[in-house]
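Read through the structure below, which is laid out as structure tokens, and then see the notes.
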Amino acid sequence: MAEYIIYVGQIEEYQMLNDRQSLDAIFRKAQSAVVGGEVVALVRQNTNGTAYRFEEISTLEDLNAYKKNVYKYVKED
């Protein structure tokens, strides 16, 4: 099964930078993946380079809930 990977560290970096444009691009790709039947995997990379998947998103409702949670930490322009 195909999947789209979201690296949570990258999401957190964009949140700190208030980079709404980059976050929008990630979530557009993730939405396209879910609509196309793919799974969106949330992955965190450790400092030693290993990565682990801690959640999978397979529905638009779950993706929108995650997106809402991410954007609540981004300041409005």
Side-chain angles (χ1 to χ4, degrees):
M1 173 185 257
E3 64 184 14
Y4 178 71
I5 297 174
I6 293 178
Y7 291 99
V8 178
Q10 187 178 37
I11 294 289
E12 292 167 345
E13 182 178 335
Y14 292 148
Q15 284 175 316
M16 286 189 298
L17 297 171
N18 291 310
D19 189 346
R20 185 173 288 274
Q21 190 173 13
S22 295
L23 289 170
D24 288 345
I26 289 171
F27 283 110
R28 272 194 306 275
K29 290 178 186 176
Q31 182 174 343
S32 178
V34 169
V35 168
E38 296 180 31
V39 171
V40 174
L42 300 182
V43 175
R44 179 168 301 279
Q45 288 185 298
N46 294 323
T47 54
N48 64 4
T50 61
Y52 67 95
R53 172 193 317 240
F54 64 90
E55 190 172 346
E56 288 186 353
I57 298 171
S58 59
T59 67
L60 281 177
E61 293 81 19
D62 291 343
L63 180 62
N64 286 332
Y66 177 63
K67 181 179 175 180
K68 182 179 179 181
N69 190 43
V70 166
Y71 279 95
K72 76 180 180 183
Y73 298 105
V74 177
K75 293 179 184 173
E76 294 293 325
D77 291 334

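If you read the sequence from its start, that first residue is 1, and numbering goes on from there. Note that these values count all heavy atoms, side chains included, but never hydrogens, waters or copies made by symmetry. Small disclaimer: the values here were computed from a predicted structure and weren't measured.
- The main-chain N or O of A41 is never found under 3.5 Å from a side-chain atom of E55 such that the two would form a donor-acceptor pair.
- Residue K67 holds its NZ atom at 7.0 Å from CZ of F27, rounded to the nearest 0.5 Å.
- Remark: side-chain polar atoms of N18 are not paired, donor with acceptor, to backbone N or O of V74 under 3.5 angstrom.
- Rounding to the nearest 0.5 Å places OH of Y73 at 13.5 Å from CD1 of I11.
- Looking only at side-chain heavy atoms (C-beta outward), Y7 and R44 stay at 4.5 Å or farther from each other.
- Annotation: ring-ring contact (aromatic ring centres under 6.0 Å, His included) contacts of Y14 (sequence neighbours excluded): none.
- The shortest side-chain heavy-atom distance between L42 and Y52 does not fall under the 4.5 Å cut-off.
- Put simply, CD on Q10 and CD on Q15 are 11.5 Å apart, with the number rounded to the nearest 0.5 Å.
- Pairing each heavy atom of Y71 with each of R20, the nearest pair is CD2-NH1, 3.1 Å.
- If you chain together hydrophobic residues whose side chains sit under 4.5 Å apart, V34 and V39 never meet in one group.
- Atom CD of E38 is separated from atom OG of S58 by 12.0 Å, given to the nearest 0.5 angstrom.
- Contact annotation: the side chain of I6 approaches that of I26 to within less than 4.5 Å [non-hydrogen atoms, C-beta and beyond].
- The two residues E3 and R53 come nearest to each other via the heavy atoms OE1-NH1, 2.8 Å.
- Minimum interatomic distance between A33 and V40 (heavy atoms only, all atoms of both residues): CB-CG2, 4.4 Å.
- The cluster map of Ile, Leu, Val, Met, Phe, Trp and Tyr, joined by side-chain heavy atoms under 4.5 Å apart, puts L23 and I5 in different clusters.
- Residues passing the side chain to side chain contact (heavy atoms under 4.5 Å, CB included) test with T50, sequence neighbours excluded: N46, N48.
- Placement of V70 and L17 in two distinct hydrophobic clusters is found when ILVMFWY residues are connected by side-chain heavy-atom separations under 4.5 Å, directly or transitively.
- Contact annotation: the side chain of Y66 approaches that of I57 to within less than 4.5 Å [non-hydrogen atoms, C-beta and beyond].
- To the nearest 0.5 Å, atoms CD (E56) and CG (D62) are separated by 11.5 Å.
- Scanning both residues, A30 and L63, for their nearest heavy atoms gives C-CD2, 3.8 Å.
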